[in-house]
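To keep things clear, I will list the structure first and then write my remarks on it.
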Amino acid sequence: MIKNINKINYKKIIYGDICLIGSGPASLSILENLKKTNLKIILIPGGKFNFDKKNQYLYKGVVNNGSYHEQLIKNRFREFGGSGNYWGGRCVPLDHLDFKKRSWIKNSGWPINYSEIIKYYKLAAKFLQITPYDVKTNFKFNFIRRIINKMDDDFLSSTKLESWSPLLNFKKYFFKSQNRENIILIENSHLFKINANKSEVVDLECRTLNTYFKVKCNQYVLACGGIENPRILLNSKNKFHPKGLGNANDLVGRFYMAHHSGTFLNFFPFNRKSFFYKYFQDYKGTYLRNRWWLNEKFQKKKCIGNSVFFITNTNNSDDMGKSGKLFKLIQVFKSISQNNYNIFFILKIKSIYKIIFYILILFPKLLKIFYLRMASNRLPSVLPEISSDYFGIYHQVEQTPCYNSQLKLDKKKDGFNQQLIKLKLKFNPIDFRTILESHNYLINKINKFNIGKLQKKYNKKILKKKLIKKIKEFNSNAHHLGTTRMGATKKNGVVDKNLRIFGIKNIYITGSSVFPTGGHANPSFTIIALSIRLAKHLKKIIKKK
């Protein structure tokens, strides 16, 4: 039975075998893989079971002047289950290329091979209840149609899939599967500081709303996300670690990455009958989708990063013609929800009579969408109708590791008197070249084979203008990568290939902060795979001891 300890004596020491710090998908996937052991596992969740404003303010941070990024309190949720409670469910593995040292990308390469992660991708797919993993096509499906037949060639492929997890409520998942005596959950507890001597962690200083206590275990796992992980390490400085824990070589907080993404191109396909862009389902009802991927051969030839494209709605719903009315309505509903469900927000809309008319006309479609979105295997998103005038071509592009893209401590402090984190975001020129080269290839392909027409005569000048605008509106989409990177040695990493902090024998880090590179893929699937791998490693270590 899980013990929720709400009242703890001041300065009490709680003993265990393993302490998991954080309660997001990374931490809970480790817990799932250790639950059948007799190990005493202590969980410091970093929040309540429900959203709490006071806790959320602990995620406040500072964005450096001249850096373009959403506020650091956004896209993160300080509650049990973390951002996993709001995750869309898109699962994509990293490509074989992402693990390699690429001569044209500085600081690329993982200290593990792609072959070492394959079996954990298979286990992650099972944990997330998605389509079984496949090396060639990402996910197993018997007959994969191309998006547009003439588009695929030696460089461009649309047969590598993404799979969408059903809506996993990690809070409910935890209570259903973790009903065991050996798991101690200290509700609404927060890690304050990691105390370490020269070679090992001695204990953790923790807080609840009312008291202060310590946790002392044999092994510790830090799993608080790509922004909070480095903040905790930097705030844990002492006489043995004056720059912060694991920061002897000034690498903690560096190489902060996300992904470049957005819609630059609007596309009118000529042959609608053979145009295959919508979600489809496997035998379990799990949704999948095709994307265009510019492969390793192309990336090596052009000396650029990784990228994918997929079909979506246009930025301006009017560009879709009649089909755009549905998206206009969806945008209105989103605006209402973002205004705390204030129905009077509608009164601000000048064309209110049109909105009412659209609701009446589109009511059957809205009802169907609502049903599909509320299902356990929910429809991932609403895509344009086949009759749409134009379709948007959305890109997601690798942000390559940049040493000067950095998170460091600010002078300002939070409610626990801990220093806030400050972000100085930087990009490498290769990122912009990747965006321009990949778009240019797609444009030339569409024009050369008369596959369709683009809304504008896009050229590098127009694309650069769009790119500059997008950079000034940069949003991480909750992809926070690289800030405690994995390395072959302590000179190029914070953690080793087993995710242990170099020089500290009993603490590990998991999550997207350990990614040396991020490819084009959403990080969640790889986070789960790495966390399951870490759980297996911890079992081996403890068994030996």
Side-chain angles (χ1 to χ4, degrees), residues 59-76 83 88 105-106 226-227 253-267 304-310 312-319 327 331 334-335 338-339 390 392-408 410 412 420-440 442-443 454-483 512 517-520 522-523:
Y59 269 167
K60 269 192 169 183
V62 179
V63 177
N64 193 58
N65 290 335
S67 292
Y68 301 105
H69 194 283
E70 78 272 17
Q71 290 301 309
L72 301 185
I73 200 170
K74 294 184 177 180
N75 285 336
R76 300 192 293 156
S83 301
I105 296 178
K106 195 176 179 182
I227 295 174
R254 291 195 179 273
F255 300 104
Y256 174 83
M257 302 172 287
H259 288 106
H260 300 279
S261 60
T263 305
F264 288 176
L265 305 178
N266 286 348
F267 169 59
I304 58 172
N306 212 340
S307 62
V308 288
F309 296 86
F310 50 84
T312 187
N313 55 290
T314 59
N315 291 327
N316 186 342
S317 56
D318 290 335
D319 294 331
F327 288 87
Q331 195 58 48
K334 277 185 180 178
S335 298
Q338 287 166 6
N339 280 266
Y390 284 93
I393 299 179
Y394 186 93
H395 67 270
Q396 188 154 299
V397 170
E398 177 176 16
Q399 181 186 342
T400 55
C402 177
Y403 179 79
N404 292 318
S405 187
Q406 184 182 13
L407 288 164
K408 56 185 179 180
D410 191 67
K412 294 178 184 177
L420 300 181
I421 203 78
K422 184 176 185 177
L423 171 64
K424 182 176 76 173
L425 180 64
K426 294 286 183 183
F427 302 109
N428 292 317
I430 192 173
D431 296 0
F432 308 136
R433 198 165 71 248
T434 301
I435 295 167
L436 295 174
E437 287 286 357
S438 57
H439 275 84
N440 193 49
L442 221 62
I443 291 164
L454 296 164
Q455 193 175 27
K456 296 177 182 177
K457 288 185 177 180
Y458 297 99
N459 54 38
K460 281 195 175 180
K461 189 177 179 181
I462 291 171
L463 289 173
K464 277 183 182 178
K465 194 175 178 181
K466 285 180 175 288
L467 176 56
I468 291 165
K469 186 185 176 187
K470 194 66 184 175
I471 290 298
K472 289 180 178 179
E473 300 167 351
F474 187 83
N475 192 298
S476 70
N477 292 317
H479 302 173
H480 311 132
L481 319 172
T483 51
S512 55
T517 56
H520 60 69
N522 290 37

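Predicted model only: the values in this text are computed from it and were never measured.
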Residues, nucleotides or ligands: over 12 heavy atoms within 6.0 Å of K466 NZ
yes
Can you tell me how far CG of L407 sits from CG of L420, rounded to the nearest 0.5 angstrom?
12.0 Å
On a heavy-atom basis, which atom in P523 and which in L481 lie closest, and how many Å separate them?
CB-CD2, 3.8 Å
Using 0.5 Å steps for rounding, measure from the CG atom of D431 to the CD1 atom of I471.
8.0 Å
Between I105 and G305 the two heavy atoms that sit nearest each other are CD1-CA, 4.0 Å
Tell me, do K60 and K412 make a side-chain contact under 4.5 Å, heavy atoms counted?
no
Residue pair E70, S476: steps toward the side chain to side chain contact (heavy atoms under 4.5 Å, CB included) verdict:
CA-CA 7 Å; E70 78 272 17; S476 70; 2.4 Å; yes
If you measure from CD on E437 to CD1 on I430, what distance do you get to the nearest 0.5 Å?
10.5 Å
With a 4.5 Å cut-off on side-chain heavy atoms, are N475 and N75 touching?
yes
Looking only at non-hydrogen atoms, find the nearest pair between H259 and E398 and report the distance.
CD2-CA, 4.2 Å
Between Q396 (side chain) and H520 (backbone), is there a donor-acceptor pair under 3.5 Å?
yes
Output field: ring centroids H439/Y458 closer than 6.0 Å
no
Dump the intermediate steps for ring-ring contact (aromatic ring centres under 6.0 Å, His included) on F309 and Y394, then the final yes or no.
CA-CA 5 Å; F309 296 86; Y394 186 93; 9.3 Å; no
When T263, L442, I443 are each screened for side chain to side chain contact (heavy atoms under 4.5 Å, CB included) with I393, the one that passes is L442
Would you indicate whether the side-chain heavy atoms of Q399 and L425 approach each other to under 4.5 Å?
yes
All heavy atoms of P401 vs all of K106, minimum pair found to be CG-O, 3.6 Å
Heavy-atom side-chain proximity of V63 to K422 below 4.5 angstrom:
no
Is there side-chain contact between I227 and Y256, with at least one heavy-atom pair below 4.5 Å?
yes
Donor-acceptor pair, side chain of T517 and main chain of G519, under 3.5 angstrom:
no
Reported NZ-to-NZ distance for the pair K424 and K408, which is rounded to 0.5 angstrom:
5.5 Å
Test side chain to side chain contact (heavy atoms under 4.5 Å, CB included) on S261 and H479; report intermediate values, then the result.
CA-CA 11 Å; S261 60; H479 302 173; over 6 Å; no
From OH (Y403) to CG (N428), nearest 0.5 Å
13.5 Å
Do you see a donor-acceptor pair shorter than 3.5 Å between the side chains of N522 and N477?
no
Nearest heavy-atom pair of F264 and I435: which atoms, and what distance?
CE1-CG2, 3.9 Å
Closer than 3.5 angstrom, by distance alone: can the side chain of R76 be matched with the main-chain N or O of L72 as a donor-acceptor pair?
yes
Between F474 and H69, what is the ring plane arrangement, given parallel below 30°, perpendicular above 60°, and tilted in between?
tilted
Heavy-atom pair with the smallest gap, counting every atom of T434 and S307
CG2-CB, 4.4 Å
To the nearest 0.5 Å, how far apart are CG in D410 and CG in N64?
9.0 Å
Let's go through N315 and N266 carefully: what are the C-alpha distance in whole Å and the side-chain angles of both, what is the deciding distance for side chain to side chain contact (heavy atoms under 4.5 Å, CB included) to 0.1 Å, and is it a yes or a no?
CA-CA 9 Å; N315 291 327; N266 286 348; 5.9 Å; no
Is there side-chain contact between L436 and K464, with at least one heavy-atom pair below 4.5 Å?
yes
